[in-house]
Amino acid sequence: MFDAASAYQNLRQRFREVSWLKSSSAILGWDQETYMPSGASDFRADQLSFLDGQAHRLGTAPEIGGWIKACEDHEFPDGSVELTNVKGWRRNYDREVKLPTDFVEELTRATSTGTHLWAEARKKSDFALFQPHLEKLMELQRRKADYWGWQACRYDALLDAYEPGARSAEISALFDEVGPQISALVGPATEKSRQTPEDLLKGHYPVAAQQAFNREVAEAFGFDFGAGRIDATNHPFCTSLGPKDIRLTTRYDEADFLSSLYGVLHECGHGLYEQGLSAEEWLLPAGEAVSLGIHESQSRLWENHVGGSTAFWEHWMPRAVHHFPHLAGLKPEDMAAAARRVSPSFIRVEADEVTYDLHIILRFTLERRIINGELAVKDIPAAWNELFEKLLGLKVPDAARGCLQDIHWSCGLVGYFATYTLGNLNASQLMHRARQDDAGLDAALAAGNYAPLLSWLREKVHRHGQRYLPQDLMRHATGHATQASHHLAHLRSKYL
């Protein structure tokens, strides 16, 4: 028998040690995507495999089960940090203990190597170059799902890792509701966008000026640069290396400053969530984000609902002109119209807000079929191109602008894509409720005062860590579980 108090402290210490190993892996992963020379990829794969294996051994040791049981028998108070941690430890332990350590190491090595091979294949637009490794990666993902166990659908085991409690049948039904209504908006929204010339913002935007402007906006939103930074990469992301070390990345195009700006606003939303979690409980369940669907709601809220508004440009136009003087002849409404142009395109991360979810529906549909054994890896390009044309009306010209464009499969993020659209739905729902709770919110945002919105999100979302399951958190914050209605209303209002 274990004393509950000592068992809890043992768990805290053990998972602190696990978190140090995971944060070390995260640093190496961040470096791999930003500064690492390509020749170091094999050695980096060995490093990451070793660290993940060690973390897995520490986190699944036999004594942990006894410590968790002692804490469960103690029955910590509802809503307490202790109970949140114990429930999270139980969930994670029961899943991770089913994975053999040598499998974890094999998977980490394969994904680390995979990102390098994917980048090369994408550069050459050569799916055949990546196909053998992708076949191995998908087989490892199927094995992982089988280790974890599943009932109706193998894919559910992987989806649950990113969105606890979600089931693919429910997600599919939600997407069946959303997809046709979004498709119906594309034509009218595209036609309206034609009123704004495509070359309206044509000009040269030096990277240094973009970096300065992006930092100003992110800092105004509330991102703490004493506990974070922005770097350049091929695929924008946010990663948490420590409670006071949040890294944002973006990519720069000197002919289009909006690409890096909205990349930063998106990743800044993720970063604000990470900076709003409990530093004392960092990488313990009480100090960790509850799901990627909730995480993505934060990035999409700041990117689209705040940064995509005309009010945003009314406030920031003078600073944009300061950094990019050739914009002086434009009005804020011109900038807003240029930023919200709708036009079906090939690249997900560059897609407009209206068509974005169609990109996600495609990936979710194919990914689910691959994991469930209904689609062979060799047939992915043809299946992708066919469904892409059906959803977005475009013929995919090459693999780089088709099935090779995303990094996710190469680094093992299978079961992830659905959370992007869940994030859009959650963002609209949260923003709707924030406006209901604070009648002066829009006036504050128009004045460039983002503190009230950030404070609301800190109170309703960030501070809870994993206290609630995702849908329970949405009920707590907004009064009901995730619905499509608010997002569809937002799109119609903003684009039609």
Side-chain angles (χ1 to χ4, degrees), residues 17-59 99-141 144 207 211 228-242 244-253 260 263-264 267 270-271 274 283 347 349 377 399-400 403-414 416:
E17 294 167 4
V18 171
S19 75
W20 295 333
L21 288 169
K22 288 184 176 181
S23 65
S24 298
S25 292
I27 291 169
L28 292 176
W30 169 83
D31 175 72
Q32 180 173 265
E33 297 302 320
T34 51
Y35 296 113
M36 186 190 83
S38 60
S41 60
D42 289 343
F43 183 67
R44 181 57 49 85
D46 290 338
Q47 290 175 298
L48 291 168
S49 176
F50 172 77
L51 288 172
D52 284 0
Q54 290 296 96
H56 185 261
R57 289 185 185 92
L58 275 178
L99 301 179
T101 300
D102 59 356
F103 171 80
V104 172
E105 292 173 339
E106 181 184 6
L107 180 59
T108 298
R109 187 177 290 108
T111 55
S112 180
T113 304
T115 57
H116 174 69
L117 293 173
W118 162 79
E120 183 181 358
R122 184 190 182 200
K123 184 178 180 180
K124 296 178 179 179
S125 193
D126 184 356
F127 182 78
L129 186 64
F130 187 50
Q131 179 184 323
H133 197 75
L134 184 57
E135 288 172 343
K136 178 180 180 180
L137 287 170
M138 289 302 182
E139 179 55 32
L140 288 169
Q141 292 295 329
K144 181 165 71 171
V207 169
Q211 290 171 328
R229 55 179 288 134
I230 304 175
D231 291 279
T233 188
N234 289 326
H235 193 98
F237 64 92
C238 168
T239 190
S240 179
L241 306 184
K244 299 291 183 181
D245 190 0
I246 311 302
R247 308 293 177 95
L248 314 182
T249 67
T250 193
R251 56 187 178 195
Y252 296 95
D253 180 348
S260 75
V264 165
E267 303 307 337
H270 286 304
E274 291 294 317
L283 274 193
I347 305 300
V349 296
V377 168
C403 62
L404 283 179
Q405 66 180 270
D406 289 307
I407 196 173
H408 298 63
W409 291 343
S410 71
C411 57
L413 299 177
V414 180
Y416 190 116

**Student:** Using a strict cut-off of less than 4.0 Å between a Lys/Arg side-chain nitrogen and an Asp/Glu carboxylate oxygen, indicate whether Lys124 and Glu120 qualify as a salt bridge.
**Tutor:**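 Salt bridge: yes.
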**Student:** Would you say that Asp102 contacts Glu106 through its side chain, given a criterion of any heavy-atom pair below 4.5 Å between the two side chains?
**Tutor:**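 Result no, sub-4.5 Å side-chain heavy-atom pair not found.
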**Student:** Counting only N and O atoms by type, is there a donor-acceptor contact under 3.5 Å from the side chain of His133 to the main-chain atoms of Ser410?
**Tutor:**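 No; judged by distance alone, with no hydrogens or angles, the pair does not exist.
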**Student:** Between Phe130 and Val377, is any pair of side-chain heavy atoms under 4.5 Å apart?
**Tutor:**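 Side chain of Phe130 against side chain of Val377, heavy atoms only: no contact under 4.5 Å found.
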**Student:** I'd like to check Glu105 versus Arg57 (side-chain heavy atoms, cut-off strictly below 4.5 Å). Are they in contact?
**Tutor:**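 Contact flag for Glu105/Arg57 side chains = yes.
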**Student:** Check the pair Leu134, Trp409 against side chain to side chain contact (heavy atoms under 4.5 Å, CB included), reporting the backbone distance first and the verdict last.
**Tutor:** CA-CA 8 Å; Leu134 184 57; Trp409 291 343; 3.9 Å; yes
**Student:** Could you give the distance from CG (Leu117) to CD (Gln131), rounded to the nearest 0.5 Å?
**Tutor:**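 Here the rounded value is 13.5 Å.
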**Student:** Walk me through whether Gln141 and Leu137 qualify under side chain to side chain contact (heavy atoms under 4.5 Å, CB included).
**Tutor:** CA-CA 6 Å; Gln141 292 295 329; Leu137 287 170; 5.6 Å; no
**Student:** So how far is it from Lys123 NZ to Leu404 CG, rounded to the nearest 0.5 Å?
**Tutor:**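 Between Lys123 NZ and Leu404 CG, I get 14.5 Å after rounding to 0.5 Å.
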**Student:** Side-chain contact test, heavy atoms from C-beta onward, threshold under 4.5 Å: evaluate it for Lys144 versus Val414 and give yes or no.
**Tutor:**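 Not touching, per the 4.5 Å side-chain cut-off.
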**Student:** Side chains of Trp30 and Asp231: does their closest heavy-atom pair fall under 4.5 Å?
**Tutor:**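 In short, these two side chains touch, coming nearer than 4.5 Å.
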**Student:** Just how far is it from atom CD1 of Ile27 to atom CD of Gln47, taken to the nearest 0.5 Å?
**Tutor:**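 Reported to 0.5 Å precision, the distance equals 12.0 Å.
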**Student:** Do you know which two heavy atoms are closest between Thr113 and Ala45, and how far apart they sit?
**Tutor:**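 Closest approach of Thr113 to Ala45, heavy atoms only: OG1-CB, 3.7 Å.
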**Student:** So do Thr250 and Glu267 actually touch side chain to side chain, heavy atoms under 4.5 Å?
**Tutor:**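 SC-SC contact between Glu267 and Thr250 ruled out.
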**Student:** If the threshold is 4.0 Å, N to carboxylate O, is there a salt bridge linking Arg251 and Asp253?
**Tutor:**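 Here Arg251 does not pair with Asp253 in a salt bridge, since their nearest N and O are not under 4.0 Å apart.
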**Student:** Rounded to the nearest 0.5 Å, what separates atom CG in Leu48 from atom OG in Ser41?
**Tutor:**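 Going from the CG atom of Leu48 to the OG atom of Ser41 covers 11.0 Å.
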**Student:** Does a donor on one side chain sit under 3.5 Å from an acceptor on the other, for Ser112 and Gln32?
**Tutor:**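 The criterion, which ignores hydrogens and geometry beyond distance, is satisfied for Gln32 and Ser112.
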**Student:** Nearest heavy-atom pair of His56 and Leu99: which atoms, and what distance?
**Tutor:**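 Looking at all heavy atoms of both residues, the shortest contact is CE1-O, 2.7 Å.
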**Student:** Identify the two heavy atoms, one from Ser240 and one from Ile246, that lie closest to each other, and give their separation to 0.1 Å.
**Tutor:**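 Looking at all heavy atoms of both residues, the shortest contact is OG-CD1, 3.4 Å.
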**Student:** Is there a side-chain contact between Leu28 and Arg44, using heavy atoms and a 4.5 Å cut-off?
**Tutor:**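 They are in side-chain contact.
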**Student:** Would you say Phe237 and His270 make side-chain contact, with heavy atoms under 4.5 Å?
**Tutor:**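 When only atoms from C-beta onward are counted, His270 and Phe237 do not touch, as no gap falls below 4.5 Å.
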**Student:** Please find the pair of heavy atoms, one from Ala55 and one from Lys22, that lie closest to each other, and give the distance.
**Tutor:**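 Answer, listing the atom of Ala55 first, then Lys22: CB-CG, 4.4 Å.
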**Student:** How long is the span from the CG atom in Leu413 to the NE2 atom in His408, to the nearest 0.5 Å?
**Tutor:**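 One finds 6.0 Å between CG of Leu413 and NE2 of His408.
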**Student:** Of all heavy-atom pairs between Ser260 and Tyr252, which one has the smallest distance, and what is that distance?
**Tutor:**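 Looks like CB-CD2, 3.6 Å.
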**Student:** Quick one: CG on Leu21 to CG on Leu283, what's the gap to the nearest 0.5 Å?
**Tutor:**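 If we round to the nearest 0.5 Å, Leu21:CG and Leu283:CG are 11.0 Å apart.
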**Student:** Do the side chain of Thr233 and the main chain of Glu33 share a donor and acceptor less than 3.5 angstrom apart?
**Tutor:**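 Yes, because the side chain of Thr233 sits within donor-acceptor range (under 3.5 Å) of the backbone of Glu33.
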**Student:** Applying side chain to side chain contact (heavy atoms under 4.5 Å, CB included) to Thr34 and Arg247, what does each step give before you reach the verdict?
**Tutor:** CA-CA 11 Å; Thr34 51; Arg247 308 293 177 95; over 6 Å; no
**Student:** Does atom CZ (Phe50) have a neighbourhood of more than 12 heavy atoms from anything else shown, all under 6.0 Å?
**Tutor:**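 Count not over threshold, so no.
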**Student:** Test Asp406 against Trp118 for side chain to side chain contact (heavy atoms under 4.5 Å, CB included), laying out the working first.
**Tutor:** CA-CA 9 Å; Asp406 289 307; Trp118 162 79; 5.8 Å; no
**Student:** Ignoring hydrogens, what is the shortest heavy-atom contact between Asp52 and Ser25? Give both atom names and the distance.
**Tutor:**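 So the minimum-distance heavy-atom pair works out to OD1-OG, 3.1 Å.
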